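Bear in mind the structure is a predicted one, so any value in this text is a computation, not a measurement. Quick note on labels: first sequence line is chain A, next is B, and so on, each numbered from 1.
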Protein chains: 2
Amino acid sequence: MTIRVLIADDQQLVRTGFQMILDAQPDMEVVAAVADGAEAVSEARRLRPDVCLLDIRMPKLDGLEVTRALAGPGVENPLRVVIVTTFDLDEYVYGALRHGATGFLLKDSGPTLLIEAVRAAAAGDALVSPSVTVRLLQHLARPKQAALPVNDPLTDRELDVVRLVAKGCTNQEVAAELFVSLSTVKTHLGSIFTKLGARNRVEIAAWAWESGVVS
Amino acid sequence: MTIRVLIADDQQLVRTGFQMILDAQPDMEVVAAVADGAEAVSEARRLRPDVCLLDIRMPKLDGLEVTRALAGPGVENPLRVVIVTTFDLDEYVYGALRHGATGFLLKDSGPTLLIEAVRAAAAGDALVSPSVTVRLLQHLARPKQAALPVNDPLTDRELDVVRLVAKGCTNQEVAAELFVSLSTVKTHLGSIFTKLGARNRVEIAAWAWESGVVS
DNA sequence: CTAAGGATCGGCCGTTCGGCCGAGGCGGAA
DNA sequence: TTCCGCCTCGGCCGAACGGCCGATCCTTAG
């Protein structure tokens, strides 16, 4: 069961290099190597490779557009797409992943990771370049430290109120949920307003989402 | 400049296997191989290796606790920690990353990825197992498809209102921001309430966060 | 013991919100 | 042209919100 790969990159040398690396693997076969995005879409639809390696910067259609066409939301039989690029800008990463990419490699990653990325994509997994991953992880870990400067930490009870408010509960519903009176809820809310510097309950809800108090 | 590695795993065979793989690399050296979490912390603090490979399941202290002690928030000179485990449960992944881990490997990943993970960690990057990464990416990409069933799509202008409301703006502020009257804002809000089935503006804000309209 | 902070309650008051009616302009589709 | 959807605007009104004052109980720290 060989893994059939399509390569799309506007640079001849890159295409050849990738092809040599992958064809040297006994279980991989490059079935197409194209130079622009439009060609990538048509060839990918015709050949239906197991994995598509796409550059970001390409003529006619860039890699993100091609990804959306081949693997984006709403595509019936999405292909596995790995973005391979020189640029590690965050906008590209998030754009690619939102458009359906299952991998993101930088061209300085070395042949080992390229092979592993193809193998992972063929298996339905996703390999992301370590230098990119570290920033993705920072994004994941960020919400746990305070998003806004909160000098005064909220008490447990206040956090209960915040969570319910962020869900859209009225003060009356919060009171019923916590088995306390409406007055108590309003008192807690007053403390919350002061501590967070919020001006209305929506700002409290926004803080809750940003800080990871609710998910 | 060799990469000095500490291995912590309660299984003798795993420790030996990892050590053989890593010692076979010319630029890597295993400086310690311990069997429980407490030993891992003390040895890591004494030897200060470049990379720590930690199992989740360990006696005395589990891998997450060790990670927090060595690389967690608030640690002055955090060490690079890569979690290596058999279990790919989400709770472990997120727990590890929140506690400061810079890598997450499954034991079925093959020696190639182990080596790459150590190399990445030593460079300050992070390599995560492809089968785990694919779920992390789903978490990132999930918000963009509709979170709640929205039969009636919002118009562009209504989305403008939603975004400002979700930021905590009052109706008056929304009106000023969009250069329309207060009445217009309230009319738009009425349509939004109907379309989303929301009962108050906080539910609109919550929908905005969940659906990715705001980030 | 005393002080401090958290959780619990109450009342008063002005502002904002949200629902419900109405209206007109404007562009595209039938 | 005639419709229809979208954006624009106005008034009215009850309910909810948010600020401000007060108070009691309890636990923990000093």
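- Within residues 178-189 of chain B, the residues that place at least one heavy atom under 4.0 Å from DNA chain C are, in residue-number order, B:Lys186.
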Check against salt bridge (Lys or Arg N to Asp or Glu O under 4.0 Å), A:Arg57 and A:Asp9: CA-CA 8 Å; A:Arg57 293 286 178 91; A:Asp9 195 305; over 6 Å; no
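- Atom CD of B:Gln172 and atom P of D:dG18 are 17 Å apart (whole Å).
- Distance check, rounded to the nearest 0.5 Å: OG1 of A:Thr187 to CG of A:Leu182 gives 9.5 Å.
- Taking atom CD of residue B:Glu203 and atom C1' of nucleotide C:dG18, one finds them 13 Å apart after rounding to whole Å.
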Test side-chain contact (heavy atoms from CB on, under 4.5 Å) applied to B:Asp10 and B:Asp36, step by step: CA-CA 6 Å; B:Asp10 59 338; B:Asp36 69 73; over 6 Å; no
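- In this structure, A:Ser109 contributes its side chain and A:Leu105 its backbone to no donor-acceptor pair below 3.5 Å.
- Side-chain contact between B:Asp125 and B:Thr102 is absent, with no heavy atoms from C-beta onward closer than 4.5 Å.
- Listed by residue number, A:Thr155, A:Arg157 are the residues of residues 155-169 of chain A with a heavy-atom contact under 4.0 Å to DNA chain C.
- Residues A:Ala8 and A:Ala40 approach most closely at CB-CB, 3.8 Å, considering heavy atoms.
- Taking atom CG of A:Leu196 as the reference point, atom C1' of D:dG18 lies 15 Å away to the nearest angstrom.
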Evaluation steps, salt bridge (Lys or Arg N to Asp or Glu O under 4.0 Å), between B:Glu158 and B:Lys195: CA-CA 10 Å; B:Glu158 287 161 356; B:Lys195 290 183 178 178; 3.0 Å; yes
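- Terminal axes of the helix from C:dC1-D:dG30 to C:dA30-D:dT1 (five pairs each, C1' rotation axis) are separated by 40°, to the nearest 10°.
- Note: CG (B:Leu154) to P (D:dC7) measures 10 Å, nearest angstrom.
- When the side-chain nitrogen and oxygen atoms of B:Arg199 are compared with OP1 and OP2 of C:dG18, none of them lie within a distance under 4.0 Å.
- No donor-acceptor distance shorter than 3.5 angstrom exists from the side chain of A:Thr133 to the backbone of B:Leu127, with no hydrogens or angles considered.
- To the nearest 0.5 Å, the span separating CG on B:Asp160 from OG1 on B:Thr155 amounts to 8.0 Å.
- When the P atom of C:dT8 is taken as reference, atom CD1 of A:Ile192 falls 12 Å away, rounded to whole Å.
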Check against salt bridge (Lys or Arg N to Asp or Glu O under 4.0 Å), B:Arg199 and A:Glu173: CA-CA 12 Å; B:Arg199 300 178 11 244; A:Glu173 291 168 340; 2.3 Å; yes
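- Between A:Asn171 and D:dC17 there is a side-chain polar atom (N or O) within less than 4.0 angstrom of OP1 or OP2.
- Remark: side-chain polar atoms of B:Arg4 are paired, donor with acceptor, to backbone N or O of B:Leu47 under 3.5 angstrom.
- Per the geometry, CZ belonging to A:Phe193 stands 4 Å off P belonging to D:dG18, to the nearest Å.
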